[in-house]
Chemist: 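Take a look at this one; I'll ask things after.
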Amino acid sequence: MPKVVVIGAGIVGTSLADELTARGYTDVTVLDRGPLFATGGSTSHAPGLVFQTNPSKTMSAFARYTVAKFNALTHPGGWAFNPVGGLEIATTEERLADLHRKAGWAAAWGIEGRLLTPVECVALHPLLDRERVLGGFHTPADGLAKAVRAAEAQAWQAMSRGATFRPHTEVLGVVDRGGRVTGVRTGDGIVDADIVVCAAGFWGAQFAKGVGLVLPLVPMAHQYARTGQIAPLVGRNSELAEAGLPILRHQDRDLYFREHGDRIGIGNYGHKPMPVDMSALLAESAGEPMPSMLPFTEDDFAPAWREACQLLPALGDSKVEEAFNGIFSFTPDGFSIMGEHRDLSGFWVAEAVWVTHSAGVAKATAEWIVDGTPSTDVHECDLYRFEDVARSPQFIMTTSSQAFVEVYDIVHPAQFRTALRGLRTSPFHHRQQELGAYFYEGAGWERPAWYEANHALAQQLFSHGLACPQRDEWASRFWSPISIAEAHVTRERVAMYDMTPLTRYEIAGSGAVSFLQQMTTNNIDKSVGSVTYTLLLDETGGIRSDITVARLAETTFQVAVNSPMDYDWLHRHLPRDVTLRDITGATCCIGVWGPLARGMVQPLCSDDLSHGAFKYFRALQTYLGAIPVTMLRVSYVGELGWEIYASAEYGAALWDLLFDAGREHGVIAAGRIAFNSLRIEKGYRSWGTDMTAEHRPAAAGLAFAVRMDKDDFIGKAALTGASEPRNRLCSIVFDEPTAVAMGKEPVYRGDECVGYVTSAGYSPTIGRTIAYAWLPAGAAPGDVLRVDYRGARHNARVHGEPVVDPEMTKIKR
Ligand code: FAD
Ligand code: THG
């Protein structure tokens, strides 16, 4: 049995020890520099509010598991979880509207919740000023975790199965041999280990640096204060219960509240980000009992106190009696960080975890360690999700500070970062700027969402009958009707898309064929010039990615993927006779698609581009004019045409060459919004949004890309004899032309929530919004559903797939 050392006995380390020992890994030693179990880490100070609802399905599932687990823990001191319920209130119209969206997430992820009138809010929480409250969202299963008690109770469970906890033992470093951990170094000597898990809280980044890992987290101070006695609370709560009123969020003013007997605790996110300088903290806090507590900065709290007294007027007769600035981790995207070090096997991290998600993260980590794959999709939390561009100290500090500022903000799903822009630009950037590109950011790349240069064209098309349904203000943000025209022109004429940000690798070497056969579901061992759409599965048959594999030479492949996690997955399995190289930035790509694409490109090329000579899903290395290019006859938008790749230095010339050649065909440059709606029309999925490792190919409608008659590949065994899926990804089409969806909306059949939307886009071809939704497997074309978009229910029907061009006549001609 493997020996496990866990660094840190906070809520994460203790929960992990429990989850590991419950799975039979009973040789677990948990080391902490502090005393047990009020170690002095963040857990020791957490007021323990657990609001389960999160935009992320995974984070919500982690929170649900935490609540279920903590509810069942026993501790002689009393409860580990007190399900007082959660109440979020709105004091602005915008927040009130947004609570509907939040209620939608709760419904979609299976968390009970209800929107309340102001009177109902006050009935639940009588300290509220009725005049200020416009409405609320109540989640009865939310509540308070007693974090140290929950840690201790889980630790006891782990100890009863053989785990050991050692206080006052600082881990100084990791011992390794041949790329594997063999133990950890402490002041008392070496503790042997086959597996080391870093659950060191906000100290984790500093620690992991010692083994060459960048953990993008920033320790931030956050203010928490307790008042003196509040008259109306006196005698309300027994000493044991501590609280009876729901935990309360006042997100419009960055505040949260809970009861401590007859006092109120107030958490404040309204202050400037206060990142903690770790080297100073480590020096100053050596040997201190509570090293995650900093002195209270009173001035930062003054506005919060005024706001708190306005919302809860009874506070006005009291004052702050105890307060501190507590430290915990923020990450660039708000997600935790989980996974195993790629270059040091056996070294794992479970970092930047709130109490709220702690047991869920611990369970998934334990499954990952013991079974090889977590049962929940964890890609949002994956240690290797960060692009290189996102791993600089400057990027981590800037984006994590932004995450602190935005923690209670209403964040639009299409909202993009404004700081640190312009880091990755394609060679077409200047031309795109000239065309009035409205850029947003993804993976560090500047990506045109639409082009203002197409404004006049759009107006002309709309005045000649192209429909442009009214959108509400929310759906109009980061959006333009020009995108409708761009999509329409792609279907009618021809358009150029900047595909440079599509991540691509060169995989080469004598073992490349067998490697790719082993890694992917489809047969890639076809002739030179073949292109194959195929899947990467995990061992349990879950979809890790969907990729295209172009065989450019006998042992050279160009592989286009979805995220840095694909690089990580391939790299972990890479044999010695295969090389894997990211060629994204060294190359560029333009998608030229539309019925006129061939007429536009053929004159530039001496090779025959006819359908007979250059077939669908084939690759060709040739020249356009004087420029060496690789053309793939692939189209995510579902039109005739090619992805045209070139070495980056040719990019500017290639764009001009194509754009000039296209003038007589009415070519336009088109952006990501058009691109997205066209791929949804065509039935193409987007990994990470429509399907994840939670789903198997058949359920996601991707069984066609799996060759069960092929020799072994990762995930094949799990698919063999797999039971029928309970849910399926379906296309749905809204009845009303004005109805929209943005993703993550709950889908109802009658009054029952039966699924959720993943992605959506307005289809100019049918004049309706089309969406993907996960629905019960029995859902059939024509079934009528209702989608809850921010509180308004819109009719939609299940539609056969694809909605546009099911015969493939547009694409294969
Ligand atoms: P910690 O509890 O910090 O545990 C890490 C442990 O590692 C520590 O005990 C430390 O001593 C030990 N350690 C570190 N380095 C070493 C080493 N080299 N060797 C040995 N041991 C080491 N979360 C919520 O969900 N809800 C809330 O309402 C909430 N409110 C909060 C309010 C405040 C004021 C603060 C500070 C945090 C709050 N949080 C809340 C966040 C939450 O407390 C933390 O995210 C969580 O406790 C982190 O748990 P952890 O186990 O990862 O880290
Ligand atoms: N282009 C290339 N690679 C990619 C993408 C791309 N890799 C990542 C991501 N996008 C993968 N997604 C898709 C989805 C669908 C298709 C291509 C890439 C596609 N599907 C055909 C179909 O379903 O009809 C496959 C037909 C077949 O298997 O023959 O074209 O945009 N280069």
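What you are looking at is a predicted structure, and each value in this text was computed from that prediction instead of being measured. As the structure lists them, so they are numbered: ligands from 1, and atoms in each ligand from 1.
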Chemist: N/O to N/O below 3.5 Å, does that happen between Glu170 and ligand 1?
Modeler: no
Chemist: Does ligand 1 have an atom under 4.0 Å from some heavy atom of Ala199?
Modeler: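 The answer is yes, since Ala199 has a heavy atom less than 4.0 Å from ligand 1.
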Chemist: Could you check whether any side-chain heavy atom of Arg447 comes within less than 4.5 Å of a side-chain heavy atom of Thr500, counting everything from C-beta outward?
Modeler: no
Chemist: For ligand 2, which atoms have a heavy atom of Phe617 less than 4.0 angstrom away?
Modeler: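 Those qualifying, in numeric order: 19 (C), 25 (C), 30 (O).
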Chemist: State, with a plain yes or no, whether a side-chain heavy atom of Ile111 is found less than 4.5 Å away from one of Arg64.
Modeler: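 Touching, per the 4.5 Å side-chain cut-off.
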Chemist: Within the 4.0 Å heavy-atom shell around Val353, which atoms of ligand 1 are there?
Modeler: 44 (C), 45 (O), 46 (C), 48 (C), 49 (O)
Chemist: Please list, in number order, the atoms of ligand 1 under 4.0 Å from a heavy atom of Ala200.
Modeler: 5 (C), 7 (O), 14 (C), 15 (N)
Chemist: Would you say Asp546 and Tyr533 are linked by a side-chain donor-acceptor pair, where the criterion is simply a distance under 3.5 Å?
Modeler: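 Yes, a side-chain donor-acceptor pair sits under 3.5 Å.
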Chemist: Using a 4.0 Å heavy-atom threshold (strictly under), name the region of Leu502 that reaches ligand 2: side chain, backbone, both or neither.
Modeler: side chain
Chemist: Say whether Ser44, considering both its backbone and side-chain N or O atoms, lies within less than 3.5 Å of an N or O atom on ligand 1.
Modeler: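 No, since none of the N or O atoms of Ser44 sits under 3.5 Å from an N or O of ligand 1.
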Chemist: Judged by modelled atom types alone, do Ser527 and Arg618 share a side-chain donor-acceptor pair under 3.5 Å?
Modeler: yes
Chemist: Would Lys363 and Tyr65 count as a cation-pi pair here, with the cationic atom under 6.0 angstrom from the ring centre and within 45° of the axis?
Modeler: yes
Chemist: With no hydrogens and no angle check, is any side-chain donor or acceptor of Thr186 less than 3.5 Å from a backbone partner on Gly189?
Modeler: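 Yes.
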Chemist: What atoms of ligand 1 come within less than 4.0 Å of a heavy atom belonging to Thr39?
Modeler: 8 (C), 9 (O)
Chemist: Does the side chain of Val549 reach to within under 4.5 Å of the side chain of Thr534, using non-hydrogen atoms?
Modeler: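 Yes. Closest side-chain heavy atoms under 4.5 Å.
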Chemist: Is Ile327 in contact with ligand 1, taking contact as a heavy-atom separation below 4.0 Å?
Modeler: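 Ile327: in contact with ligand 1 (<4.0 Å).
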Chemist: For ligand 2, is any non-hydrogen atom under 4.0 Å from Arg504's backbone (N, CA, C, O), its side chain (CB onward), both, or neither?
Modeler: neither
Chemist: Hey, which atoms in ligand 1 end up nearer than 4.0 Å to a heavy atom of Gly8?
Modeler: 6 (C), 7 (O), 12 (C)
Chemist: For the backbone of Ile11 and the side chain of Thr14, can you confirm whether one donor and one acceptor N or O come within less than 3.5 Å of each other?
Modeler: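 It does hold such a pair.
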Chemist: Do Ser635 and Arg679 have side-chain atoms, one donor and one acceptor, less than 3.5 Å apart?
Modeler: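 No.
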Chemist: Taking distance alone, with N or O pairs closer than 3.5 Å, would you say Glu643 contacts ligand 2?
Modeler: yes
Chemist: Can you find a non-hydrogen atom of Gly48 under 4.0 Å from ligand 1?
Modeler: yes
Chemist: For atom 32 (C) of ligand 1, which candidate among Ser292, Gly265, Pro47, Ser42 provides the closest heavy atom?
Modeler: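 Selected option, by shortest heavy-atom distance: Pro47.
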Chemist: Regarding ligand 1, does Phe324 bring an N or O atom to under 3.5 Å of one of the ligand's N or O atoms?
Modeler: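 In fact, backbone or side chain, Phe324 has no N or O that close.
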Chemist: In ligand 2, which numbered atoms sit nearer than 4.0 Å to a non-hydrogen atom of Tyr645?
Modeler: 32 (N)
Chemist: Is the contact between Thr169 and ligand 1 made by the side chain, the backbone, both, or neither, using heavy atoms and a 4.0 Å cut-off?
Modeler: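 Contact part for Thr169 vs ligand 1: backbone (N, CA, C, O).
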Chemist: Can you label the angle between the Phe328 ring and the Trp354 ring as parallel, tilted or perpendicular, going by 30° and 60°?
Modeler: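 Perpendicular.
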Chemist: List the atom of Phe51, the atom of Gly86, and the distance in Å for their closest heavy-atom pair.
Modeler: CE2-CA, 3.8 Å
Chemist: Distance under 4.0 Å to a non-hydrogen atom of Leu49: what atoms of ligand 1 satisfy this?
Modeler: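 That gives atoms 24 (C), 25 (O), 26 (N), 27 (C), 28 (O) of ligand 1.
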Chemist: Below the 3.5 angstrom mark, is there an N/O of Gly13, backbone or side chain, next to an N/O of ligand 1?
Modeler: no
Chemist: State whether the shortest distance between N or O atoms of Asp32 and N or O atoms of ligand 1 falls below 3.5 angstrom.
Modeler: yes
Chemist: Go through the side-chain N and O atoms of Tyr772 and Ser686 and say whether any donor and acceptor fall under 3.5 Å apart.
Modeler: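 Tyr772 vs Ser686: no donor-acceptor pair found between side chains.
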Chemist: What's the separation between atom CZ in Arg685 and atom CG in Leu702, rounded to the nearest 0.5 Å?
Modeler: 5.5 Å
Chemist: Which pair of heavy atoms, one from Phe81 and one from Asn71, lies closest together, and at what distance?
Modeler: CD2-OD1, 3.3 Å
Chemist: Counting both backbone and side chain atoms, is some N or O of Gly326 under 3.5 Å from an N or O of ligand 1?
Modeler: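 Not met; the criterion fails.
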Chemist: Just going by heavy-atom distances, which of Ser545, Cys589, Ala560 is nearest to atom 7 (N) of ligand 2?
Modeler: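 The option holding the nearest heavy atom is Ala560.
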Chemist: Between ligand 1 and Leu172, can you find any atom pair, the residue atom being a heavy atom, that is separated by under 4.0 Å?
Modeler: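 Flag not set, Leu172 not near ligand 1.
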Chemist: Is there a polar contact, in the sense of an N or O pair closer than 3.5 Å, between Trp203 and ligand 1?
Modeler: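 There is no such contact.
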Chemist: Does Ser635, backbone or side chain, put an N or O under 3.5 Å from an N or O of ligand 2?
Modeler: no
Chemist: Would Ile7 count as a polar contact of ligand 1, with the cut-off being nitrogen or oxygen pairs under 3.5 Å?
Modeler: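 It does not: no N or O of Ile7 is found under 3.5 Å from an N or O of ligand 1.
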Chemist: Could you tell me which atoms of ligand 1, counted from 1 in the order shown, lie closer than 4.0 angstrom to a heavy atom of Gly10?
Modeler: 2 (O), 4 (O), 51 (O)
Chemist: Could you list the atoms of ligand 1 found under 4.0 angstrom from a heavy atom of Val12?
Modeler: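 It comes down to these atoms of ligand 1: 50 (P), 51 (O), 52 (O).
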Chemist: Cut-off 3.5 Å, side chains only: do Asn54 and Ser60 have a donor facing an acceptor?
Modeler: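 Checked: Asn54/Ser60 side chains show no N/O donor-acceptor pair below 3.5 Å.
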Chemist: I want to confirm something. Looking only at heavy atoms, which of Val637, Thr548, Asp566, Val634 is nearest to atom 4 (C) of ligand 2?
Modeler: Thr548
Chemist: So is Arg633 actually on top of Phe617's ring, under 6.0 Å and inside 45° of the axis?
Modeler: no
Chemist: Could you see which bit of Phe675 sits under 4.0 Å from ligand 2, with heavy atoms only: side chain, backbone, both or neither?
Modeler: neither
Chemist: Could you tell me whether Asp525 and Lys710 have a side-chain N and a carboxylate O separated by less than 4.0 Å?
Modeler: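 Salt bridge between Asp525 and Lys710, a charged N being under 4.0 Å from a carboxylate O: no.
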Chemist: Report yes or no: does Asn82 contribute a side-chain atom to a donor-acceptor pair with the main-chain N or O of Ala243 at less than 3.5 Å?
Modeler: yes
Chemist: Which bit of Asn522 is near ligand 2, meaning a heavy atom under 4.0 Å away: side chain, backbone, both or neither?
Modeler: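 Asn522 to ligand 2: no contact under 4.0 Å from either part.
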Chemist: Could you say whether the N/O atoms of Arg33 and ligand 1 ever approach to under 3.5 Å?
Modeler: yes
Chemist: Could you tell me if the side chain of Tyr497 sits less than 4.5 Å from the side chain of Tyr636, heavy atoms only?
Modeler: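 No, their side chains stay 4.5 Å or more apart.
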Chemist: Which is closest to atom 21 (C) of ligand 2 by heavy-atom distance: Tyr636, Tyr684, Tyr533?
Modeler: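 Nearest heavy atom to atom 21 (C) of ligand 2 lies in Tyr684.
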Chemist: With heavy atoms only and a cut-off of under 4.0 Å, state how Phe704 meets ligand 2: side chain, backbone, both or neither.
Modeler: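 Side chain only.
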Chemist: For a 4.5 angstrom cut-off between non-hydrogen side-chain atoms, does Val559 reach Arg504?
Modeler: no
Chemist: Could you tell me which atoms of ligand 1, counted from 1 in the order shown, lie closer than 4.0 angstrom to a heavy atom of Leu31?
Modeler: 20 (C), 21 (N)
Chemist: Side chain, backbone, both or neither: which part of Met808 has a heavy atom under 4.0 Å from ligand 2?
Modeler: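 Under 4.0 Å from ligand 2, Met808 contributes side-chain atoms alone.
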Chemist: Any nitrogen or oxygen of Phe202, main chain or side chain, under 3.5 Å from a nitrogen or oxygen of ligand 1?
Modeler: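 In this structure, Phe202 places no N or O atom under 3.5 Å from an N or O of ligand 1.
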